[in-house]
Every structure is written in C-alpha cells, then in structure tokens.
Amino acid sequence: MPLDVTPSLADAPLHRAFVSVLGRDQPVGAGVLLSPTLVLTCAHVINSALGRHRFDTPLPPRGQQIGLRLPHVDRERELVGRVLPHCWRPPRSRPEADHPSPPGAGALPYYGDLAVVELDTEAPPGAEPAPFLTHRDGNEVIAQWASGHALPTLRAMPRVSAHPWIALDVLGGTVADGFSGGPLWDRERQAVVGLVVAAHESRTPQEHSPPAGQYTPPAAMYAIGLSSIESELPGLPPVAVPAAGRGRQQLLGALEKLLPTRREIMACEERLAGRLGRRSSGPAADVERLAGLAMGVRRGVPELLNIVYEQLAELRPGSFAADPDWERALGIARIVSPRERLSPGQRRNLDALLAECRTTDPGALVRTVLPFADDLPRPRDLADATDVLECYDPQPGQPMPPLLQGVIRISVQERASGAYLADDLDAWVRSTAPRLGVAPAAVAQFRADVSAHAGARGARPPSTAAPRVQVELLPVSTGHLFTYQIWVWSGDGRHEVVLTEDTEVTSQRVVEAIRQVLRTEVEEHPETALVEFFVAPAWLRLDVDTWEFPGSADDGGFRPGITRRVVLRSSERTRETHAGWKRRSSALPSSPRLLLDQRSSDPVVAQARLEVNPEAGIVVVCCDRQYQGLVLRQCIQAGVHTVLWHREEHGGQIAADLLALVEGVDHARIPEAVRLERAKAMADPDCTTHHGRELSLLHDGPDHRPPPLAPAPWALTQP
C-alpha cells in the first residue's frame, strides 16, 4: 500500500510560513517564518548558503546578505536578510555554549546549529508566522523539501526525545539535504514542533538493496525541538501558537472586569505587544485584541497576567491581591494556558539562576514534589525539572503550586551548602508568588517547613532512585541453558553492562552472577533490589520466577518473583510496535482490561481482537498452553504493556480470577499484586489449586525502555 506523502489543504499555515534559503540562486535548505521580519533556520544551512563549510563557527558579517524565498506565497520574489548576531548558534560538540568547537565528522547528535535571519523588508502579503508547540510522542509529522514543490514531502514518527534532538523514523518519502532547517509539521495539532537538522541512513549508498522480503529499518531523521530552540536562543521573541478556543470567553469576561476603562485596556495592550515583540494595535486596541494577542503567543497569557498585575498595583495598590476577579482570572489562565505559569522574562530569569545551582538533583526534586504523579520524565537539568513542575496544579488544600515548591527546595539546599544563589532564588520567589496568587505567608511557612525537614535530615544529598539490575537472557534451543548480559541502572544516570556470559550455563550460574552484581555493583541485599528479566517472546514461558539458589542459611533462597518484586519484560521492541505502545501508554489510566480466551487461541483472531481494542494496554490471556506463545507474541507486536496468564490452567473460572486480580489496580502496581498472589500460593502449600501457582506476568510499562543492545539500537538507554 503506497504511503501518502502529499501535503493536505489543512497544512495551509505551514505553507504560508515555509521559507527556502538560497545559495547561488538555488535552494540549499529551508526555514520557518517567526514574524514578518524574522526567519528561523539551521546555522549549517546559512553556512551552505554563503559557500562556507557547514560547521564554520564565526558569525557571518552583518553586511553579508542571504537570499530567501517563500515558495507557497510568492515563488518569484526573492527576499534578502542578514543573520542576527545574538541569534547565531553554530554547531558545536559540547553542550556548553562557551565551547564552540565544531562536531567531528559523522558525530550525532551535536548542539547549537540555529540561526535567525532578519529580513530587510517584511514578508510579502499572504505570509504568516508559523504556530509552534512542543512535540508530542505518537503524533506523526511531515517535512517539506526546500524547493517548495508539493510532492517531495516526507512523513515521520517521533521515536525518542532526548536533549538536544528529537529522533524520528521516516515512514514515507526520502530524506535529503534540502530538508535541513525546515519545519516539522504536526497535522493533528496544526503546529510546528521542531526544525529538521540531520539524517542518518541505515545503509550506506555503496551497499546493495536487500533481498525482497527482508526487513530494512527506515532512515532516521533528527530535529531540534522547541524546548531546545528556546534554550539555545533566550533572546528570541516568543513564538506564535495555535489559537486556543477553550476559556477564551471566560478570559474576555475576566479582563472586562479587571480593566473596565478603555485607557487601561490600551495601556495593557501596548505593554504586552512590546514585551512579546509584536506590533501594537494602538487606538484600535480593545479587550478582544488584547486577549487574542496573549493567546496567540507562547507564554503570552502569563505575560498578560503579569502586565495586568502591574497595572492594578499602580491603580489600586495593596487592595486587589484578594480581589475575587483577580483570583478568577488566575483560574481561567490555567484553562487557557494549562502548561504555562511563567512569563518569558520570569522563565529566563529562573533558568539563568538554575544554571549555576549544583546541589540539587533534578530527578530527586521532581519525585519529591510530585510523589503522586505517574510516568514522569527524567529531567536532564534543573531547568528541565522546573518545566515539568510548571505543568502541574497544586494538590487540593495545598496553596503552593509545584513550581514554587521546587524553587524553594532548591533555594534551601543551596543555602545549606553555602552557595550564594539562595538569596537570588528567594527574591525570585517573592516577586513571582503574588502573580501566581500565593500569599507571602504561605511562602514563608513552606520554606520554614522545608528548612526544618532538611535540618532534621542533616546535610545528606538527596536520594536517587533505587538501582535496577537488568538481566537479558538469551536461551539456547533446549530452554535449560542460557547466555546473558547483566546491566545496572541507577537514578544518578548510570546505565551500563557489568557482566556478560557467552558460554551456555545453567540457571543456577545465572543466579550466582546476579547475586555477584548485587554485592559488587549496587550494594543491595538480594531481597530488596529490583531485578528485571528481559527475554524474547519465544521464551516467555521459561520458569525464571521459580529459580532457586541454595545460598547460605543467612542469605536464604533466591526465588525471583516470589520473595520480592521481579518484572519479566520482553526485549523485542520494533519500530512497527512502538506507535501502538505509545498509544496504549496514554490510554492506560482509563482503558478497559481485555480478555483473550480460548476463542482467541488462533493468532489471527487474537490480532483482530487487539486491533479492535487499540487502547487496551492490560490483557489477560486464558487459552491452552500450546497456543499461549503465539498469542503472547501478538500482544507484544500490538504494543500491549501488561499480559497476565496462567501456565497450566484455562477456562471460565481462572479467567474470572485473573480479571478480578487486575481490575481497579493501577498499571504500575500490577507486578506487586502478582507477586503477592504468588506469595499467597507459597504460604499455603496444602492448597494446590490456588491461581497464584504458575501465574505469569509480562510487564512492559511506560516507565521502561529496552536495554540499548537488546536488540534495537534506537531505544533510550534508561528505563
């Protein structure tokens, strides 16, 4: 079935903002219109347009002109622009911006590679700045060729997001140099989510085409996401966003009450336009234009509230903070702009402070402030951690939003370590808290509580996540001997292979190796450490949870899955199943449990049932043992996260028991629920019919990624 790679009529906002960058009158790359006079592209595209080496680092002279064209707006008209000095970020090999050493040949990923071109004249009529949003996993995107022709367009699926790039799999079309600097367009959300920066072909041009029917991994494409763009270019004016519909009328009503006079509305509109780098409507300003300006720009709504706060403080000092209209406006802002609390200036000021903080662990901070949240991303630094915290509202009865909680905790830890940044962080909190509707007394009380708790703990560094020992089992055909690799992952960023065995050994030797790693690599007691087994689908019925190791009287037996929590996971994750896995991830909290009983023992029937239920992430398999392996493979290929089955029994009663076991249980707690059922069966040896015996679990939840070498090289290197 051919892949449709042509742009649709719904892509008109992309067409009006798509820019070709010219070199010797020929397109060498692409860019995207940010404003009537600003174009965002890659620095290596500018270097190519000027005839320089693609990784040259010197700033192009201000007098050196760059040719551009908007092929979908006015194909014949050539525009002229120049690189803005403060927005020149050439490619570099290190994350630090003050180390401009160019990346080595073939080194991926690298940092920087961004540039902003200022046009000598405004873009022609019909051109519009592109709306931007942060990318979303599981959403297909398209990219266009720099020539502007409608056909050379490709489709891609985001695979992994890790600073500084997003990795994507190309689903349709061919990757070529002319895509560099061009926008990635999310059709579903009607927004640009990144800039194409590089590509990696799975085969070199010299290699011959594979035989017919042989699987060939698709090409990989890389993009710079919005968060990396904003981090690299702090002086960039806020980008446009798709117009929001939800909450607009409520915001208009709140503004009319807070700004009752035309003079106040005009003053706020002029201030807001100046701060957002947009043109003011002047005397034509009204509450509709004021709200539209704020809602059409990233972080525009927090900036609007900031300006309204200042306006009210000037006209009604000391009296408006408890105004119910102001409180209502704050609540509506969370509806209109659910992931943004800080204005661009507040965000930049905070990031500048956090860049100097060295005491607080970002991952530990997020886990401490959001203990109730599931499947949190692992932040790469404190700025990333506060981005995560900014997206959450406070818990009921808690006046402090998670964002302020996090900054206060950072300040307390910095002060305890003697760092000089604590006073600046406290000043930032004092300035920001009233604008978020938090009283100074609440801030003082929370800071006192955190300081007292920190004093009680002493000066110990924040704890990290419990280490995991990951065992990749490679059974031989008999199923009784194994080769293996053992990995160690810890919350401080370590994830490496520590022990390998290429000679076929018994399960007892595997257990000995696990115990050795527990003693020498993670210093964990065998009964408390988390061990995860990775096995291919063909070996899912191995009795790995009934292994025993005699040990000593002090150590006791080593019985994975019975005396402590052990997770059995599949190491076979392909690109074809990744999209389904992500879709089922997002639906886990609300998706129903699916039963594949004896009627689904035919793999074709099981596949059809899974396709009909595309959001089911938790499946109970209850069919004859000889068909279990085939049905399990269908579950894995469909991206199912959790499969529960009994090795021996099948029928109505065991199906009801297993469904009852997972009903109402959070997906992250299912492994522990299964462990308890196994323990109950072991505790009652006289009862031979307890369903905990021979109970098996495959758990491949959203908190997990396969080991880097087992077997797909595209996977993330952390759970």
Side-chain angles (χ1 to χ4, degrees), residues 35-36 129 131 237-350 390 393 399 401 403-404 427-440 442-443:
S35 76
V239 296
V241 296
R246 187 180 177 210
R248 180 184 178 89
Q249 293 301 317
Q250 299 178 63
L251 181 62
L252 290 174
L255 291 175
E256 288 173 348
K257 288 188 175 182
L258 290 171
L259 306 172
T261 69
R262 181 174 177 78
R263 183 186 299 273
E264 291 176 312
I265 293 174
M266 289 177 58
C268 287
E269 197 272 347
E270 184 177 0
R271 287 189 187 181
L272 182 61
R275 293 192 187 179
L276 298 179
R278 298 302 192 269
R279 183 178 299 169
S280 172
S281 300
D286 56 18
V287 70
E288 289 271 359
R289 287 183 171 86
L290 177 61
L293 176 61
M295 296 174 66
V297 176
R298 180 164 162 82
R299 296 193 178 274
V301 173
E303 189 68 82
L304 170 63
L305 292 181
N306 210 24
I307 289 173
V308 171
Y309 178 90
E310 296 170 359
Q311 179 87 357
L312 296 177
E314 294 173 4
L315 300 177
R316 289 180 276 169
S319 62
F320 77 93
D323 190 328
D325 291 334
W326 172 250
E327 293 292 334
R328 182 166 174 266
L330 290 174
I332 294 170
R334 298 186 184 101
I335 298 174
V336 178
S337 181
R339 297 178 63 86
E340 298 172 346
R341 299 291 184 273
L342 303 180
S343 68
Q346 291 168 332
R347 180 77 257 178
R348 285 194 294 266
N349 291 339
L350 178 60
E390 189 178 356
D393 288 325
L403 174 66
L404 287 185
W428 184 90
V429 171
R430 284 194 299 271
S431 172
T432 305
R435 290 164 167 80
L436 299 181
V438 180
V443 172

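Keep in mind that this is a model prediction, so the values were computed, not measured. Index from 1, following the sequence.
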On a heavy-atom basis, the closest approach of Val297 and Val241 is N-CG2, 3.7 Å
How about Glu327 and Leu330: do any of their side-chain heavy atoms sit closer than 4.5 Å? yes
Checking the side chain of Arg298 only, and the main-chain atoms of Pro344 only, is there a donor and an acceptor separated by less than 3.5 Å? no
Residue pair Gly300 / Leu276: nearest heavy atoms and the distance that separates them: CA-CD1, 4.2 Å
Would you say Glu264 has more than 12 foreign heavy atoms packed within less than 6.0 Å of its CD? yes
Those residues that, when tested against Glu269, pass salt bridge (charged side-chain N to carboxylate O under 4.0 Å, His left out) (two or more places apart): none
Leu403 CG to Asp393 CG distance, which is reported to the nearest 0.5 Å: 11.5 Å
So, using side-chain hydrogen bond (donor to acceptor under 3.5 Å, both in side chains) as the criterion, who are the partners of Ser35 when residues are at least two apart? none
Minimal heavy-atom distance between Ile332 and Leu251, with the atoms involved, is CG2-N, 3.6 Å
Give the minimum heavy-atom separation between Pro302 and Ser343, together with the two atoms involved. CB-N, 3.6 Å
Calculate, to the nearest 0.5 Å, the distance between atoms CG and OH belonging to Leu258 and Tyr309 respectively. 13.5 Å
Using a 4.5 Å cut-off on heavy atoms from C-beta on, say whether the side chain of Leu272 contacts that of Leu290. yes
Rounding to 0.5 Å, atoms CD (Gln311) and CG (Leu304) come to a distance of 11.0 Å
Hey, does Met295 have a side-chain heavy atom less than 4.5 Å from the side chain of Val336? yes
Pairwise distance CG(Leu342) to CG(Asn349) - rounded to 0.5 angstrom: 10.0 Å
Closest non-hydrogen atom pair between Ile307 and Arg271, with its separation: CD1-C, 3.7 Å
Any Lys/Arg nitrogen of Arg278 or Glu303 sitting under 4.0 Å from an Asp/Glu carboxylate oxygen of the other? no
Identify all side-chain donor-acceptor contacts of residues 428-440 below 3.5 Å with residues at least two apart in sequence or on another chain.
from   : atom 1 : to     : atom 2 : distance (Å)
Trp428 : NE1    : Gln346 : O      : 3.3
Thr432 : OG1    : Trp428 : O      : 2.9
Arg435 : NE     : Asn306 : OD1    : 2.3
Arg435 : NH1    : Ser431 : O      : 2.8

So the side chain to side chain donor-acceptor pair (under 3.5 Å) pairs with at least one residue in residues 246-257 (sequence neighbours excluded) are Arg248-Glu288
According to salt bridge (charged side-chain N to carboxylate O under 4.0 Å, His left out), who are the partners of Arg289, at least two apart in sequence or on a separate chain? Asp286
For residues Gly282 and Met266, report the shortest heavy-atom separation together with the two atoms involved. O-CE, 4.0 Å
Looking at Arg339, I'd like to know if its CZ atom is crowded, meaning that more than 12 non-hydrogen atoms belonging to other residues, nucleotides or ligands lie closer than 6.0 Å. no
List the residues meeting side-chain hydrogen bond (donor to acceptor under 3.5 Å, both in side chains) with Glu390, not counting sequence neighbours, and say none if there are none. Arg299, Arg347
